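Below is one structure, written out as structure tokens; comments come after it.
Reminder, nothing fancy here: chain letters follow the sequence lines and each chain counts from 1. In this text the structure is predicted, and so the values were computed from the model without any measurement.
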2 protein chains.
Amino acid sequence: MAATLRDVADRAQVSVRTVSNVVSGYEHVSEKMRQRVQRAIDELGYIPNPVARTLRTGKTGLLSLVVPEIDVPYFSQLAREVIDAAGHLGFQVMIDQTGHDHERERQLLRGGGRRNLFDGMLFASLATRDELRDVNPARSSPLILLGEHLFDRRFDHVAIDNVVAAHDATSHLLDRGRTRIAAIGAQPKESYATPLQRTEGFRKALRERGLGPVNALQRTAAHYGRADGYAAATSLLRKSPRPDAMFCYSDLLAMGAIRAVFDAGLRVPEDVAIIGIDDIEEGRYSRPSLSTVSLDTPFIARTAVSRLAARIEDPSLAAEEFIAPHTLIARESTENR
Amino acid sequence: MAATLRDVADRAQVSVRTVSNVVSGYEHVSEKMRQRVQRAIDELGYIPNPVARTLRTGKTGLLSLVVPEIDVPYFSQLAREVIDAAGHLGFQVMIDQTGHDHERERQLLRGGGRRNLFDGMLFASLATRDELRDVNPARSSPLILLGEHLFDRRFDHVAIDNVVAAHDATSHLLDRGRTRIAAIGAQPKESYATPLQRTEGFRKALRERGLGPVNALQRTAAHYGRADGYAAATSLLRKSPRPDAMFCYSDLLAMGAIRAVFDAGLRVPEDVAIIGIDDIEEGRYSRPSLSTVSLDTPFIARTAVSRLAARIEDPSLAAEEFIAPHTLIARESTENR
DNA sequence: TTGTACGCGTTATCAG
DNA sequence: CTGATAACGCGTACAA
């Protein structure tokens with residue numbers, strides 16, 4: 001059915017080598033030869049078979065992006081940037097979801113069960129220290145960690161400074177005159193880096209202003225979704241005296257929290273100020289619009305993809321860490337009363 | 001470096017044929033043999049090379065999902081379901097974005113420039129009649145169209161009944177006593193099926209209640225995003241008398257419209273009722289929560305993936321059309337005044 | 001039930 | 001600059 005390199009060679013009366021040269025744009029081919037071959041290619045409608053090429057070269061041109069759930073706005077935004085950045089470098093992207101399942105994460109880190117169909121992997125899902133420890137950087141396929149995993153320095157790693165980001169968000173609430181500040185997003189089992197660091201930044205900011213321990217005003221959230229934020233905020237509002245501000249570890253948590261405040265008959269920001277982290281577009285249109293810490297997703301995506309490409313070229317590269325910039329964005333949800 | 005089938009065969013003192021049988025779970029292998037081979041496999045840490053297997057079998061186990069932008073909630077939710085459904089059938093999913101670029105759509109429909117690295121494609125982006133006409137179903141790789149393209153019956157097609165959905169949404173607004181109903185989402189150039197059908201359903205519902213032509217209350221929207229909804233709604237509110245309801249062709253348009261109404265100093269639903277289509281999670285937490293037409297995304301994803309799998313098995317299948325169910329969901333944004 | 005040998009479509013090596 | 005030919009790793013018809 002489909003024409004092969006050999007078919008073209010036969011038709012053009014040349015060797016497959018010559019055809020291959022023309023197809024892959026090899027320099028030293030006479031113009032005459034090139035035209036003759038090109039004509040045969042066009043006549044037969046020949047298209048190179050990427051699988052055969054891959055078998056020979058060992059490169060598929062495929063990257064794998066692993067996220068917990070692609071329909072979480074932060075991750076779909078990241079995916080968008082990653083796919084674009086990868087495209088510019090000639091890669092296509094396949095997506096895997098872990099669904100917060102540890103076993104699945106472990107499995108994907110080992111290369112998806114089978115030997116990889118991809119040249120490298122961007123891992124943006126959670127992973128505990130233990131799961132990473134099982135992975136041997138020297139033997140596994142090229143891997144870049146995104147946003148987490150500060151524990152393990154054997155891997156390339158693109159992230160933000162979570163301690164500072166959380167500190168900035170909390171300080172912003174303090175600057176607005178809030179004093180009973182709650183935090184939503186610590187993990188039930190503290191095994192991940194990001195929530196730990198955000199909690200650290202949160203507490204640090206409070207300490208700097210002479211505010212004591214705040215365990216009673218902290219709430220865990222398993223999945224950083226709207227429902228988690230809603231539940232946590234509802235629980236916090238039952239306390240007396242109730243908090244006058246909430247720092248949410250993700251914008252999605254914040255969206256849930258905002259709704260919870262209103263369902264409790266209170267107002268944002270008048271009664272409770274709310275700030276998140278991520279800067280998803282949703283927060284720019286919500287009522288009130290959401291104050292947040294904006295992460296430079298394009299930077300993260302570009303850095304991760306180009307670093308992965310470099311590591312595919314040279315797997316012996318020493319592991320490096322890249323910190324993406326973040327900016328505090330004040331919107332309506334933390335305005336002064 | 002990596003062990004091959006032949007390495008295992010040498011080590012187990014058997015032929016490659018036998019090893020291959022064991023690996024691919026062939027029935028008729030003696031238990032003794034199986035164990036001997038399995039031991040060699042484990043010792044060498046052998047993993048089959050999917051590329052070589054693909055070259056031989058012609059199947060990559062990869063599906064391509066094409067969307068306009070993955071970070072649009074409707075599409076990321078669809079992607080989530082598609083990836084899950086594909087996983088159950090042993091497929092992985094790569095994602096391509098068209099970014100509303102016609103040339104790119106055309107290119108992807110032709111198989112991404114190169115011959116396909118995937119077994120089949122789910123096309124959920126827009127495409128005009130012309131773009132599809134260039135594609136020959138018999139020669140291209142297996143293709144399923146999602147949600148659009150009712151023009152062309154040469155392809156498998158999974159969609160909802162857009163005319164009825166739009167009719168339901170509009171009727172809901174009429175049932176709530178609204179009389180000056182606007183519509184946001186027609187296309188500047190009417191080349192796509194979905195907006196045309198929604199406009200048809202919209203007008204049909206108005207006609208049934210004896211309401212005349214409404215061109216003055218229709219607004220186009222190029223990309224169905226929040227910004228488009230905001231701009232269109234703002235423009236509509238300047239009319240006098242102003243509309244008392246807006247039917248948005250997507251939930252995202254509706255989110256932008258809600259914000260626009262409030263920025264204009266008016267209230268939803270008291271002054272303007274708003275309804276969308278899609279049922280994205282965002283609309284369940286927004287203020288007011290968003291009335292909408294819920295599409296059965298899991299059904300769409302499962303149907304599309306299993307149909308694609310079937311078509312990969314048997315490319316000669318006759319094209320078929322699948323209609324996914326939809327349900328009207330009334331929330332706060334269309335409550336009675 | 002198992003072994004041998006060939007082909008899948010490329011790229012790379014080595015002559016010429 | 002171009003031709004012949006050997007890999008790449010696996011599946012399978014054919015033979016035993």
**Asked** Of the nucleotides D/dC10, C/dT10, C/dT2, which one has an atom closest to the side chain of B/Ser15?
**Response** C/dT2
**Prompt:** Does A/Met33 or B/Ser24 map to a spot on DNA chain D nearer the 5' end, using the closest nucleotide for each?
**Reply:** A/Met33
**Message:** Quick check on C/dC8: is either OP1 or OP2 less than 4.0 Å from any side-chain nitrogen or oxygen of A/Thr4?
**Reply:** no
**Asked** Roughly how far, to the nearest 0.5 Å, is CD1 of B/Ile70 from CG of B/Leu65?
**Response** 6.5 Å
**Message:** Below 30° counts as parallel, above 60° as perpendicular, anything between as tilted: where do the rings of A/His102 and A/Tyr192 land?
**Reply:** tilted
**Request:** Measure the NZ-CZ distance between A/Lys59 and A/Phe91 for me, rounded to the nearest 0.5 Å.
**Result:** 8.0 Å
**Request:** Starting at atom CZ of B/Arg36, determine the distance to atom P of C/dT1, rounded to an integer number of angstrom.
**Result:** 16 Å
**Request:** For B/Val29, report the nucleic acid contact type (base, sugar-phosphate, nothing); a contact means any heavy atom under 4.0 Å.
**Result:** sugar-phosphate
**Prompt:** When we call it a touch if two heavy atoms are under 4.0 Å apart, what does B/Leu5 touch: a base, just sugar-phosphate, or nothing?
**Reply:** sugar-phosphate
**Message:** Check the phosphate of C/dC8 against B/Arg56, side-chain N and O only, distance under 4.0 Å to OP1 or OP2. Yes or no?
**Reply:** no
**Message:** Rounded to whole Å, how long is the line connecting atom CG of A/Asp7 with atom C1' of C/dT10?
**Reply:** 13 Å
**Asked** Within the pair A/Thr18 and D/dG3, is there a side-chain N or O less than 4.0 Å away from OP1 or OP2?
**Response** yes
**Item:** Minimum-distance nucleotide to A/Ser30 side chain [options: C/dG9, D/dC1, C/dT1]
**Value:** D/dC1
**Asked** Can you check the B/Leu55 CG to D/dG11 P distance for me, whole Å?
**Response** 11 Å
**Request:** Identify whether the distance between the nearest side-chain nitrogen and carboxylate oxygen of A/Arg11 and A/Glu43 falls below 4.0 Å.
**Result:** yes
**Item:** Sugar-phosphate only, base, or nothing, as touched by B/Val14 at under 4.0 Å among non-hydrogen atoms
**Value:** sugar-phosphate
**Item:** Minimum-distance nucleotide (side-chain atoms of B/Thr57 versus D/dC10, D/dG11, C/dT11)
**Value:** D/dG11
**Asked** Hey, is B/Glu320 close enough to B/Arg307 for a salt bridge, meaning N to O under 4.0 Å?
**Response** yes
**Message:** Could you tell me how far apart A/Asn49 (CG) and C/dG9 (C1') are, to the nearest whole angstrom?
**Reply:** 6 Å
Detail all sub-3.5 Å separations between protein N/O atoms and N/O atoms belonging to nucleotides 13-16 of chain D.
from	atom 1	to	atom 2	distance (Å)
D/dA13	N6	B/Arg17	NH1	3.0

**Prompt:** Please give, in whole Å, the distance from C/dG3 P to B/Asp10 CG?
**Reply:** 12 Å
**Asked** Under 4.0 Å: is that the gap between some side-chain N or O of B/Ser20 and OP1 or OP2 of D/dT12?
**Response** no
**Item:** Separation of atom NZ in B/Lys59 from atom P in D/dG9, rounded to whole Å
**Value:** 23 Å
**Message:** With rounding to the nearest 0.5 angstrom, report the CD to OG1 distance, B/Gln107 to B/Thr98.
**Reply:** 11.0 Å
**Prompt:** What is the distance, rounded to the nearest whole Å, between atom CG of A/Leu117 and atom P of D/dC10?
**Reply:** 14 Å
**Request:** Could you tell me whether A/Arg104 and A/Asp96 have a side-chain N and a carboxylate O separated by less than 4.0 Å?
**Result:** yes
**Asked** Mapping B/Gln13 and B/Ala52 to their closest nucleotides on DNA chain C, which lands nearer the 5' end?
**Response** B/Gln13
**Asked** Any chance the side chains of B/Arg17 and B/Asn21 put a donor and an acceptor closer than 3.5 Å?
**Response** yes
**Atom-to-atom span, CZ of B/Arg6 to P of D/dG11 - whole angstrom** = 13 Å
